[in-house]
Amino acid sequence: MNYNDNQILRYLYGLDEKRDYPQSIKRFLNEIGSEIGGDREAAINELYRLKSNCKKLAVLSKSFVDAMDKSYMKFTQFHMDILSECDGENGVVKSPYFIEGSFVVYSIKNVSLSLWVFHNLPNRNNNFMAMPTFYIIASPKDRIQGAGHQLDCMIIKMIDGLVEVNLRDYINMVLDYLCLRQWADIEIAEIHTKQKKEVKGKKNNFIQNGISYFVFDSKWFTEVCNNNEFIVSGHFRLQPYGDGSKKLIWINEFKKHGYHRKALIEKANEGEDFL
């Protein structure tokens with residue numbers, strides 16, 4: 001299944017104009033015999049507020065997630081700050097370590113993080129649907145780094161009989177992603193997709209824009225080798241001199257034959273100035 005076929009993504013980004021996806025979720029729960037109480041219904045209805053109001057899908061690379069994993073205990077002191085800075089933001093995150101087809105939808109409001117953990121599950125006809133399995137509200141209570149940091153959590157199982165997984169990983173993943181995206185030296189590539197649109201009563205289809213998304217990588221832990229030849233356009237550079245002065249100079253356009261960039265952590269360990 002590609003991103004353009006995923007029901008929750010199509011709903012959130014306005015590609016399914018006629019489908020009421022929150023109602024589809026409620027029908028699914030009724031079909032499998034899961035009771036829809038007040039808390040579950042409120043969590044499902046909250047998705048109405050997110051439709052066409054989400055940042056583009058963030059697809060995290062393995063190197064980006066590895067950078068997050070190595071740093072997550074350092075980021076707890078910034079959780080209150082990042083939620084305050086990103087207040088009002090809604091988005092969707094895809095990690096390479098999630099189960100295939102799974103996404104996390106998040107919403108930030110009043111220094112509180114709401115999460116819907118979506119998985120592809122079979123209905124009574126054995127057709128798979130993107131369904132919220134857990135709804136989480138998390139609020140950091142202090143700026144302590146690492147051990148001792150307090151995070152208030154409310155967890156709602158959206159389907160009866162679910163075995164609770166380590167949901168703290170989902171919370172940390174989103175918070176660390178936001179910290180790195182906002183404040184770290186990262187590489188971001190935007191991917192544009194196209195999809196076929198069928199026209200009722202006509203044989204020919206037409207192509208329209210599909211879901212666009214961002215791929216996040218990390219320069220900090222990533223070493224890059226590029227052996228391709230490319231053109232570097234003319235540009236100004238602030239050239240330092242041995243006497244401590246700097247002068248703005250012009251560099252003419254030139255052809256470059258590949259490059260090798262060390263991971264920034266290696267440059268830091270070797271005492272290089274990488275800022």
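Counting non-hydrogen atoms of neighbouring residues, nucleotides and ligands closer than 6.0 angstrom, the CD atom of Glu35 reaches no more than 12 such neighbours. For Lys56, the NZ atom sits in a packed shell: over 12 heavy atoms of surrounding residues, nucleotides or ligands are nearer than 6.0 Å.
If you take NZ on Lys157 and OG on Ser34, they are separated by 11.0 Å, rounding to the nearest 0.5 Å. Taken from CD1 in Ile136 to CE in Met158, the straight-line distance is 11.5 Å, to the nearest 0.5 Å. To the nearest 0.5 Å, the span separating OH on Tyr106 from SG on Cys86 amounts to 7.0 Å. Atoms CD and CD, from Gln77 and Gln145 in turn, are 4.5 Å apart once rounded to the nearest 0.5 Å. For the atom pair Asp16 CG and Arg10 CZ, the distance stands at 4.0 Å (nearest 0.5 Å). Taken from OG in Ser139 to CG in Asp152, the straight-line distance is 6.5 Å, to the nearest 0.5 Å.
Both tests pass for Lys94 against the ring of Phe103: distance under 6.0 Å to the centre and angle within 45° of the axis.
For the residue pair Asn166 and Asp169, a side-chain donor N or O sits within less than 3.5 Å of a side-chain acceptor on the partner. Under the 3.5 Å distance criterion, with hydrogens and angles disregarded, a donor-acceptor pair is assigned to the side chains of Asn209 and Lys194. The closest side-chain donor-acceptor pair between Asn90 and Lys109, if any, does not fall under 3.5 angstrom. Using modelled atom types, one finds a donor on one side chain and an acceptor on the other under 3.5 Å when comparing His149 with Asp142. For the residue pair Asp20 / Tyr48, a side-chain donor-acceptor distance below 3.5 Å is found, with atom types taken as modelled.
Using a 4.5 Å cut-off on side-chain heavy atoms (C-beta onward), Phe64 and Tyr177 make contact. Using a 4.5 Å heavy-atom threshold, the side chains of Ile155 and Tyr135 count as separate. You'll find the side chain of Met129 stays beyond 4.5 Å of the side chain of Asn120, heavy atoms only. Side chains of Met131 and His119 form no contact here, defined as non-hydrogen atoms less than 4.5 Å apart. For the pair Pro140/Thr76, no side-chain contact is recorded, criterion being any heavy-atom separation below 4.5 Å from C-beta on. Side-chain contact check for Leu60 versus Val215: every heavy-atom pair is 4.5 Å or farther apart.
Heavy-atom minimum distance, Lys51 versus Gly14: CE-CA, 4.3 Å.
The backbone N or O of Gly148 sits less than 3.5 Å from a side-chain atom of Gln150, completing a donor-acceptor pair.
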- request: List the steps and the verdict of side chain to side chain contact (heavy atoms under 4.5 Å, CB included) for Asp160 and Arg40.
  value: CA-CA 11 Å; Asp160 296 339; Arg40 283 181 180 172; 2.7 Å; yes
message: Quick one, Tyr213 with Lys55, criterion side chain to side chain contact (heavy atoms under 4.5 Å, CB included). Give me CA distance, side-chain angles, the key distance, then yes/no.
response: CA-CA 9 Å; Tyr213 59 94; Lys55 292 180 74 71; over 6 Å; no
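Ring to ring, Tyr170 and Phe98 are close: their centroids are under 6.0 angstrom apart.
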